[in-house]
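Right, one structure below, let's go through it.
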Amino acid sequence: MENGKDRNEGTPINFIQEAINEDNLTGRYGGRVHTRFPPEPNGYLHIGHAKAICIDFGMAEKYNGLCNLRFDDTNPSKEDTEYVESIKEDIRWLGFKWDGLYYASDYFDIMYDCAVRLIKKGLAFVCDLSADEIREYRGTLTEPGKESPYRNRSVEENLDLFSRMKAGEFPDGSRVLRAKIDMASPNINMRDPVIYRILRAHHHRTGDKWCIYPMYDFAHPIEDMVENITHSLCSLEFEDHRPLYEWVVNNVGLEAKPRQIEFARLNMNYTLTSKRKLLQLVKDGYVKGWDDPRMPTISGMRRRGYTPEAIRDFCDRIGVAKTSSTVDIALLEHCIREDLNRRAMRVMAVLRPLKVVIDNYPEDLVEEFDAENNPEDPQAGSRKVPFSKVVYIEQEDFCENPPKNYFRLSPGREVRLKHAYLIKCEHVVKDEKTGEILELHCSYDPETRGGNAPDGRKVKGTIHWVSAAHAVEGEVRLYENLFLDPNPGEEREGESFLDYLNPNSLEILNSCKFEQALAEAQPGSRYQFLRMGYFCADAVDMKKERPVFNRIVPLKDSWAKAVSKG
RNA sequence: UGGGAUGUAGCCAAGUCGGUAAGGCACCAGACUUUGACUCUGGCAUUUCGUUGGUUCGAGUCCAGCCAUCCCAGCCA
């Protein structure tokens, strides 16, 4: 790290690295860096978690340290193994390898012992107040709380009661174990926080062994200590909990002294990153599942066609800081375009076909043209594309009464069919009743084979096409933002985030014409459909007989922008 | 006069002994172009760093006050 810069890139170091550098300098952890990513298995990971993952694993990577994956499964009423499997898959897919794979539930015995130790030190007590009473006793943001009448029970009584809580002698909610700290603390988290509750729920790993479960504030530092974590990185909302984290670290009788550091979580416009609301979208059928390509989940983005490289690049670019911020989704789109521009094979696909008959082209002739697979990558080579008398072009590439500066096809005008010939529109066949354009009749100039006119005349427009005789028909799914509102998470008076759903977030095109190569597309493989965007063969619905592609992101379109501006 | 945190461009974000505002995205203009893509060039905070004062030869950086925004009153994490 020279000049405050990162080793490899020119990116400046962030405040977490500063803290770690400081610790390394003072020898606080003997130069060790051991982080952890601690998801609760109660939902699918989303783009916000991707940031956290990149930070947790990334810091370990940068310092040749370790990063554990730890499921923070201390609340069995919400958790499920379905989620742990998806989380593991998502992390692997992002390209990270965890050092240890652990579960908070592995430490339930240790946590219980820690609680007993606290009781013995007079630092915890069993409280019989009801949940409502505890809330009342807690005070408010501006007034101190008052002490529980059970606060001064003897160590012996507390020990007895707590062991009977564990033994299942008391009903759910009837008692809790609380840390004895300070009911007058200005920090509400320190007002004798509950650290154990009675909860009879089947745990996905420990089954029915326990009927008491530790609370996050008590469990998390212990998990970190047990795993010998050095830097416990979490999001800003836990900043207020740090004094309690430290209280537990210092009082629970374990050796390790991990350090909690908080950073701002990711918000992105037009995007929701609330697990609860995402769950609702799935459960109530607003989307087709956690992996619906419109979802900001890792699995949704994967299905959509995002690459792990693009997501990681995005996470690098947004930086790490403590300012609550909302990143523009345009940056994410830029990252995937940049990645795919380098790597994706170019192909021709007509999404909204318009039939074009080339009147002067021989009836049965089929020519093959060389088409480069990727102009950005000469190594990608080329392929043959068949051409014949009838081709399909994009409906939007023809305009009967073209606006100024339109340089695609229009009556009497010439355009280039990419890789093939210059064609000129001779006449338009329309439905007499509706006026709908049914097909175009064009002529081609045999001298322009390959797309160049020997007389040197310039043709500004180049459009893509597919030979009708050789086309494969299939489906394309066009996605837009799931929400119309830039900040769907913030519900205005009397409204719900559901009111902000974009009714056009999915458009299905059923009669798209693909060049032949696309019938062989491997599910999950990505292409650039020339002039249209980046697309991904759907991982589950792709069939050779009927290809199905998801639009990952459209290409930038300065013409469309100019048109919309008028 | 509850506590904690944060305020640098439309959006992120550097700026760490005070020395004269990085970079990216977006946007605008132009060049190139057999993708209106890509690429390239130029522009984009010089009465300016939330704001007002102060210290100083000099302040985004130091000091004081004020303002705004976010988080916290789960037996959720």
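Every value quoted in this text rests on a predicted model; they were computed, and no experiment measured them. Letters A, B, ... are given to chains in the order of the sequence lines, protein chains preceding strands, and every chain is numbered from 1.
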Please name the nucleotide paired to [N] by Watson-Crick or G-U wobble geometry with both distances under 3.5 Å, or report none.
N: B:C44; value: none
N: B:G60; value: none
N: B:C70; value: B:G4
N: B:A21; value: none

[M] and [N], which share atom name [atom1], separated by this distance in whole Å:
N: B:G60; M: B:C67; atom1: P; value: 24 Å
N: B:A45; M: B:G50; atom1: C1'; value: 14 Å
N: B:U61; M: B:U33; atom1: C1'; value: 47 Å
N: B:A37; M: B:A29; atom1: P; value: 13 Å
N: B:G65; M: B:A21; atom1: C1'; value: 26 Å
N: B:G53; M: B:G58; atom1: P; value: 16 Å
N: B:U46; M: B:G54; atom1: C1'; value: 24 Å

Identify the pairs formed between an N or O of the protein and an N or O of nucleotides 26-29 of chain B at a distance under 3.5 Å, and give each distance.
residue: B:C27; atom: OP1; partner: A:Lys561; partner atom: NZ; Å: 2.5
residue: B:C28; atom: OP1; partner: A:Lys565; partner atom: NZ; Å: 2.6

- request: Please identify each residue that fulfils side-chain hydrogen bond (donor to acceptor under 3.5 Å, both in side chains) with A:Tyr213, with sequence neighbours left out.
  value: none

message: Just to verify, what does A:Asp445 make a side-chain hydrogen bond (donor to acceptor under 3.5 Å, both in side chains) with, not counting sequence neighbours?
response: A:Arg457

Within the 6.0 Å centroid threshold, strictly below: A:His49 and A:Tyr44: no

query: Quick one: are the ring centres of A:Tyr103 and A:Phe71 less than 6.0 Å apart?
result: yes

Residue-phosphate contact under 4.0 Å: [X] side-chain N/O, [N] OP1/OP2:
X: A:Ser324; N: B:C71; result: no
X: A:Arg138; N: B:G74; result: yes
X: A:Arg135; N: B:G74; result: yes
X: A:Ser325; N: B:C11; result: no

- prompt: Are the ring of A:Tyr216 and the six-membered base ring of B:A77 within the stacking cut-offs of under 5.5 Å and under 30°?
  reply: no

query: Roughly how far apart are A:Ser148 OG and A:Phe125 CZ, rounded to 0.5 Å?
result: 4.5 Å

message: Can you identify which nucleotide, out of B:C75, B:U35, B:G15, has its nearest atom closest to the A:Glu18 side chain?
response: B:G15

- prompt: Without hydrogens or angle criteria, can the side chains of A:Arg346 and A:Asn373 be said to hold a donor-acceptor pair below 3.5 Å?
  reply: no

